[in-house]
Amino acid sequence: MSFDYVLQTTGLTKEFRGFTAVSDVNFKVKRGDIHALIGPNGAGKTTFFNLLTKFLLPTKGAIQFNDVDITQERPAQTARRGLVRSFQISATFPHLTVQENVRVALQRKLGTAFHFWRSGSSLGVLNDRAMELLTEVGLEHLADWTTADLAYGQKRALELATTLALEPELMLLDEPTQGMGHEDVASVTALIKQVSKGRSILMVEHNMSVVAGLCDAISVLQRGRVIAEGSYDEVSRNPLVIEAYMGDASAQLGGGSHG
Ligand SMILES: Nc1ncnc2c1ncn2[C@@H]1O[C@H](COP(=O)(O)OP(=O)(O)O)[C@@H](O)[C@H]1O
Ligand SMILES: [Mg+2]
């Protein structure tokens, strides 16, 4: 594989008791791209993500990250390499402050080096880094707030900051605008654009105006298989894709916005 690609899967397959949720997927993410994975409900998008993060082991096939075969790695090893998923359920602690949440994530990243960071002077370094990350996602003015008091979109921004603390090289986002109103969709879209600088992003996204405005490349999954790949224009004109989306009210092509 060329170093132009941060991630590659070869023949990736996941079966659940005879049901094939992900079927022989050959897939690449170009370094620096925001890449969308779209497809009707049940297509296998979340299962594919779970394979990449090693939450699930594949039945067949291989995953390469930066030319290294990570198929048999443990989840923590893969995360340490920089393949990190965001927008996970309960990614933040509601009773901690915003800044404390980022500090916890930074300490988690440091892992065994934790004792070094317990010394008084290094706590200051940790706080500085936490503030940098909060500034990156536009939450620096809310650093002392209790996390539970944040608005929904602000919680999503904080989750993003805690993910950035893990220094992701490829960040996976599963439906980052799900359940959001127009304003939050716009701010989270801008945020994703902002944090994409210097890294690669793979995102599952149902809102086609978000995909059209944000993503460099799109892969379409249907019944576990990739049925189309390309730019938004290419993919949205593809007859196979149009057919796959017919009758699925949760996701329509053509720039319609919902949520
Ligand atoms: N742990 C599991 N056991 C059995 N079937 C599963 C499991 N996880 C997902 N599936 C099935 O695999 C298919 C793909 O699911 P999923 O990856 O969640 O799709 P998507 O995220 O595209 O909506 C669905 O038919 C789902 O019911
Ligand atoms: Mg899903």
Side-chain angles (χ1 to χ4, degrees), residues 7 9-29 34-63 70-71 74-75 78 83-91 152 155-156 159-160 163 168 170-180 184-185 188-189 192 201-212 214-215 217-230 232 235-236 238 240-254 256-259:
L7 179 82
T9 72
T10 316
L12 200 64
T13 300
K14 181 66 186 180
E15 291 169 11
F16 295 112
R17 282 169 263 107
F19 174 78
T20 309
V22 171
S23 183
D24 195 25
V25 169
N26 300 312
F27 175 83
K28 284 177 181 178
V29 176
I34 302 181
H35 193 125
L37 183 63
I38 69 169
N41 284 331
K45 303 178 298 294
T46 297
T47 303
F48 186 69
F49 267 29
N50 285 334
L51 291 171
L52 298 182
T53 56
K54 326 318 295 297
F55 190 77
L56 291 172
L57 277 175
T59 310
K60 272 183 286 199
I63 307 166
I70 60 162
T71 315
R74 298 167 64 85
T78 294
L83 206 176
V84 181
R85 180 170 177 172
S86 188
F87 299 115
Q88 278 162 317
I89 300 147
S90 62
Y152 187 74
K155 278 183 191 148
R156 282 303 172 79
E159 283 163 14
L160 212 44
T163 308
L170 172 62
M171 190 156 45
L172 305 183
L173 309 174
D174 196 354
E175 306 193 27
T177 69
Q178 191 185 30
M180 287 185 177
D184 280 343
V185 168
V188 165
T189 302
I192 292 169
I201 293 181
L202 173 60
M203 58 192 284
V204 171
E205 178 58 60
H206 281 304
N207 185 325
M208 286 305 138
S209 41
V210 171
V211 171
L214 201 56
C215 298
I218 300 167
S219 299
V220 186
L221 214 58
Q222 184 192 27
R223 294 194 205 99
R225 291 183 179 276
V226 174
I227 60 163
E229 274 178 316
Y232 181 81
V235 159
S236 61
N238 186 316
L240 283 175
V241 177
I242 294 165
E243 201 189 315
Y245 271 76
M246 284 201 321
D248 180 2
S250 77
Q252 287 163 2
L253 287 169
S257 162
H258 28 135

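Counting starts at 1 for both ligands and their atoms, in listed order. These numbers were taken from a predicted model, which means no experiment stands behind them.
- Remark: Leu173 CG to Thr163 OG1 distance equals 8.0 Å, nearest 0.5 Å.
- Counting only heavy atoms from C-beta outward, the side chains of Lys60 and Leu12 never approach each other to under 4.5 Å.
- Taking NZ from Lys45 and CE from Met203, the interatomic distance works out to 13.0 Å, rounded to the nearest 0.5 Å.
- Here the straight-line distance linking atom CZ of Arg225 with atom CG of Leu240 works out to 13.0 Å at 0.5 Å rounding.
- Between the side chain of Thr13 and the backbone N or O of Asp24 there is at least one donor-acceptor pair closer than 3.5 Å.
- Only protein N, O or S atoms were scored, and 1 of them lie under 2.8 Å from the Mg ion (ligand 2).
- Between the side chains of Glu159 and Ser86, no donor-acceptor pair of N or O atoms lies under 3.5 Å.
- Residues Phe27 and Phe48 bring their aromatic ring centres within 6.0 Å.
- Gly44 and Leu221 get closest at one heavy-atom pair: C-CD2, 3.6 Å.
- Residues lining ligand 1 at a heavy-atom distance below 4.0 Å are given as Phe16, Arg17, Phe19, Ala21, Pro40, Asn41, Gly42, Ala43, Gly44, Lys45, Thr46, Thr47, ordered by chain and residue number.
- A donor atom on one side chain and an acceptor atom on the other are found under 3.5 Å apart for Asp174 and Thr46.
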